[in-house]
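Heavy atoms only: backbone and side chains are in, while hydrogens, waters and symmetry mates are out.
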Amino acid sequence: MASRNPSAVLSTPLLSDSTTTTAPIANGHHARHNHHDDVDGDEAASVCGGGCGGDPFAFLTEEDGERRGVGVSPADPFRNGTPAWCGVYEFLKVLVCAPVALVRLAMFGISIAVGYAATWVALRGWVDVHDRSSQQQQEGVGPMPAWRRRLMWITRISARCILFSFGYHWIRKKGRPAPRELAPIVVSNHISYIEPIYFFYELFPTIVSSDSHDSIPFVGTIIRAMQVIYVDRFSPASRKAAVNEIKRKAACNSFPRVLLFPEGTTTNGRFLISFQHGAFIPGYPVQPVIVRYPHVHFDQSWGNISLGKLMFKMFTQFHNFMEVEYLPVVYPPEIKQENALHFSENTSYAMAHALNVIPTSYSYGDSMIMARAVEAGKVNCSNYMVEMAWVKETYGVSTSEAMALLEHFLAMNPDKDGRVNAQNFWAYFGLNCTHLCKKVFRYFDFEAKESITFRQFLVGCAHLRKQPLFQDACQTAFEKCKHPVTSDIGRDQLADVLQSSMLQLTDDGMMKLFDKLDVDDDDRIGKDDLMASLAKLPFMIALFVGRINGEVYIEIVE
């Protein structure tokens, strides 16, 4: 059994965390004391009780709290490290290997064709999971008959020829696969599209795959021959059904091993990202396998590089190195109270130790965030990552919620480093940087850099939403601001609220802010509208603090 590493180590984010000291104030709440509490030069004083003091959100909590959030990550587990241009050597190598690349491409095409033909014959007349009309009907499908599996050896040999065409003429192996009866589940780190091809040849396992892969020409047919377990990672019902299928197939020795890539996406191999728990929930022993791609000039990871460019690079290499190491079997915890989380952490620690890399709290969600930043044309897109596994565990923020906040953040016009200043932040909501707005912004700006990262924005919003009095404050805000007759908040009522907080808006600014709060676009802010908008953008509750506390904001300007 792999040695146990404390879970705190694995769940600790790479980003350094800032802890804020709190102290009691007169109204029984707490305010943070730091250099941000000083009054600006052109704003000599402000009086608004506890809610508008040093911490504009002190009224949301009655206990000391801790909030973490620093801007830029020191790591990028998804970035391909191949230099844009490697000089004369790279040019000459491509020139020399160009004729060889044509031969390799032909070999690749022939291998795909032969493998597809053999697989088509092997599947002919067999009712596989692809032919089932629902996830429930997938259950109960038996293992592939022996004669069909033997015919699939032709496809497996074709897979080895494909690896040869990519320049993997020999592959160094260390250790050996454990007997299927001992470890029915295999997990591996995921760096490139090469590992699935290698494991298809080496183990011919059952794999867990996205539904979308089924539609890929040729590949979809071959995947079905592996008795694939389809899953929609964004559907809880689909994930649950997939776990049940993993458990069923792992329990029956007539099925091949079940292979999973628990990271859920490819990385550059220099880090391990957070593991998904599908391989560990069934509670069967797991054999970890680690894959390395030693290189000097050409990083073979499938990171921020297109598939076509990656294949071209492989075809024009003299040789590509690959190492596969089978690690000792990791057993589930003996104590039943220790769940799949501990099991996955034990496995992650064993793999990270063997790879000599750092396990991190990044996850597939971070790759989605970075991909959206790339799509938006941003540079330094890794600066947008947040270590999503840690954010989800600490604050309960889902990936979809983080993506929704990212859309707001991208609309605030971040600079080349992925940072947003106070002016652009509040301009997005139609507001100017008044004294209250500056204090709200400083709540996010832990580094006092007068700009914030997406991580600071996300963690700050999540922390506010988690405060014990947040929901009550939202309801109080609506009750004290709604029109007495229509029982909703119109533009006039919103203008009165903003005026009580000394927030003056233009007509365009009022329209922007009103639209952010009017979720259903019916030209009025109902209770559901306000609760939903404040749940997404919880810092906006500060605009209602005067009404909530029954106070008037007074600003003295020199």
Side-chain angles (χ1 to χ4, degrees), residues 115-116 118-160 175-188 195-211 213-214 219-231 238-262 277-289 324 326-332 340 343 347:
Y116 173 77
T119 303
W120 185 85
V121 173
L123 293 180
R124 188 73 173 172
W126 182 56
V127 180
D128 68 335
V129 297
H130 177 62
D131 298 320
R132 302 283 169 154
S133 60
S134 69
Q135 186 72 30
Q136 287 74 22
Q137 288 177 307
Q138 289 183 23
E139 299 180 2
V141 175
M144 179 180 283
W147 72 268
R148 295 182 187 273
R149 293 199 303 270
R150 284 192 290 269
L151 187 58
M152 285 301 299
W153 264 107
I154 298 175
T155 308
R156 294 173 69 176
I157 296 301
S158 297
R160 185 62 186 94
R176 62 180 60 187
R180 195 254 182 242
E181 298 78 9
L182 181 61
I185 297 177
V186 175
V187 297
S188 173
E195 299 100 55
I197 301 174
Y198 170 81
F199 286 118
F200 176 83
Y201 160 72
E202 178 78 2
L203 302 176
F204 190 49
T206 291
I207 64 170
V208 179
S209 174
S210 171
D211 288 324
H213 292 164
D214 183 76
V219 175
T221 300
I222 295 174
I223 286 177
R224 290 198 297 276
M226 299 172 75
Q227 303 173 80
V228 62
I229 300 171
Y230 289 112
V231 63
S238 177
R239 293 198 303 268
K240 182 178 179 180
V243 169
N244 291 335
E245 271 297 278
I246 293 171
K247 186 175 183 178
R248 183 179 75 88
K249 292 185 175 180
C252 179
N253 287 329
S254 298
F255 283 102
R257 298 173 178 85
V258 180
L259 169 68
L260 296 101
F261 299 101
H277 298 157
F280 310 100
I281 293 175
Y284 288 95
V286 167
Q287 182 173 32
V289 185
V324 179
Y326 293 89
L327 301 180
V329 174
V330 179
Y331 294 88
F343 192 9
T347 308

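Across A178 and A183, no two heavy atoms sit closer than the pair CB-CB, 4.2 Å. Of all the heavy atoms in A279 and V187, the pair that sits closest is CB-CG1, 3.7 Å. Considering all non-hydrogen atoms of both residues, L182 and P285 come closest at O-CB, 3.4 Å. Across A118 and L151, no two heavy atoms sit closer than the pair O-CD2, 4.0 Å. Closest approach of I197 and A159 over heavy atoms only: CG2-O, 3.6 Å. Minimum interatomic distance between R148 and G125 (heavy atoms only, all atoms of both residues): NH2-C, 3.8 Å.
Judged purely by atom type and a 3.5 angstrom limit, K249 has no side-chain atom pairing as donor or acceptor with the backbone of I229. Side-chain N or O atoms of R160 include none that pairs as donor or acceptor with a backbone N or O of Y201 at under 3.5 Å. Not a single donor-acceptor pair under 3.5 Å links the side chain of R239 to the backbone N or O of G278. With hydrogens and angles disregarded, no donor-acceptor distance shorter than 3.5 Å links the side chain of R150 to the backbone of P145. With Q287 contributing its side chain and R176 its backbone, the two residues share a donor-acceptor pair below 3.5 Å. T206 places no side-chain N or O within 3.5 Å of a backbone atom of V258 that could act as its donor or acceptor partner.
Taking CD1 of I246 as the reference point, atom OH of Y284 lies at 11.5 Å (rounded to 0.5 Å). The CZ atom of R149 lies 7.5 Å from the CD atom of Q227; values are rounded to the nearest 0.5 Å. Here L259 contributes atom CG and F200 contributes atom CZ; the two are 12.0 Å apart, rounded to the nearest 0.5 Å.
Under the side chain to side chain donor-acceptor pair (under 3.5 Å) criterion, S158 pairs with no residue, sequence neighbours left out.
Residues R257 and P177 meet the side-chain proximity criterion, which asks for heavy atoms closer than 4.5 Å. P256 has its side chain out of reach of L203: every pair of non-hydrogen atoms, C-beta onward, lies at least 4.5 Å apart. You'll find the side chain of Y230 stays beyond 4.5 Å of the side chain of E245, heavy atoms only. Side-chain contact between L123 and M144 is present, with at least one heavy-atom pair separated by less than 4.5 Å.
No side-chain donor-acceptor contact under 3.5 Å links T221 and T119.
A tilted orientation is assigned to the rings of F199 and F261, their planes being inclined by 30° to 60°.
Cation-pi check for R156 over W153 is met; the charged atom lies under 6.0 angstrom from the ring centroid and within 45 degrees of its normal.
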| request: Go through the steps for F343 and V330 under the test side-chain contact (heavy atoms from CB on, under 4.5 Å), then give the verdict. | output: CA-CA 8 Å; F343 192 9; V330 179; 3.8 Å; yes
